[in-house]
Amino acid sequence: MKQVKQELKPEERLIVAADYSPKEYSGIQGVEEKVMALAKDLEGLGVYIKVNSVLRAVGYGLIAKLHDLGLKVFADLKLIDIPNTMATDGEMLSEVEPEILTVMCCAGIDGMNAVQKLLGDSTEILGVTILTSLNEEDCQAIFTCSTKAGVLRFARMAQLAGLGGLILSPKEVDVLKNRFELALSLNTPGIRPEWSIVEGDDQTRVLTPLKAIKNGAERIVMGRPIMQAGPNDKGLPQNPREAAERTLEEIKAGLNS
Ligand code: C5P
């Protein structure tokens, strides 16, 4: 099994989400071009690039293309199915070996374990606990428990399945960090540096990179503050690379504080 909870370098702690919309960029091909342009901009920094919808749309060949640019790939496919089909997904992905892959914890232990067994040597498999878009009421309706109880339950299942880590909101890191410290890496979206301005932001429960790392997250997932960086006269990063570099400085500060 891939070793988890290893000492990660600052750049191995930043996952840049490449979420472009086909509406905005003239369809699937336009989105793929934007993802590749972002990847070129980030080339050599040693960070992860996270792809989801575009990967489904253009296929796993995109992972190889991103690897060719020297980027680590986070395949955010959130796999969920019967164990046999999840094993087939695992077999197909073993041909391209993304560095990180997500599965839904609610797929159950056997399905998660099937993927872990097939890919665990090359890929860190992360279980998605409860989507942060679900509120308490949703969680009761779907899982008949509170979000906190659900996260804990899914974390236990992920550990039993032998996974490498979890995706969870920065708020949930506190609930888990002392229980699963030795086994599961904690990876959190919902990150906003002080300097970021995101048009019509939908992330509400956010932490800065520094605070998230200081709180015990192993890696942070950040999209728009990096993707949307462009020329400005406000002292903000002028491009995605500069935004990623500034974030890496904050990660370093979080590690040293
Ligand atoms: O642009 P932003 O920094 O909000 O992007 C965060 C990324 O993390 C997106 O790709 C989003 O889908 C993902 N994510 C999230 N909340 C979760 C799980 C994943 O924001 N609970």
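Just follow the structure's listing: the first ligand is 1, and inside any ligand the first atom is 1. Fair warning: this is a prediction, and the values are worked out from it, not measured in the lab. Side-chain atoms are counted along with the backbone in the values below, which use heavy atoms only and exclude waters and symmetry mates.
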Per-atom contacts, ligand 1 versus [X] - under 4.0 Å to a heavy atom:
| X | answer |
| --- | --- |
| Val221 | 7 (C), 8 (O) |
| Met222 | 3 (O) |
| Asp19 | 9 (C), 10 (O) |
| Arg224 | 1 (O), 2 (P), 3 (O), 4 (O) |

Margin query: Using heavy atoms and a 4.0 Å limit, tell me yes or no: is Arg192 in contact with ligand 1?
Written below: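 It does, in that a heavy atom of Arg192 comes within the 4.0 Å cut-off of ligand 1.
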Item checked: Distance-only polar pair, side chains of Glu99 and His67, donor-acceptor under 3.5 Å -> yes
Margin query: Quick one about Gln140 and Glu136 (side-chain donor to acceptor, distance below 3.5 Å, no hydrogens or angles considered), yes or no?
Written below: no
Notebook entry, point to check: Below 4.0 angstrom, N of the basic side chain to O of the carboxylate: do Glu245 and Arg241 qualify?
Noted result: yes
Item checked: hydrophobic_cluster_shared for Tyr48 and Leu255, side chain cutoff 4.5 Å -> yes
Next item on the list: Could you say whether the N/O atoms of Gly223 and ligand 1 ever approach to under 3.5 Å?
Entry: yes
Margin query: Less than 6.0 angstrom separating the ring centers of Tyr20 and Tyr25, yes or no?
Written below: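 Under 6.0 Å, so yes.
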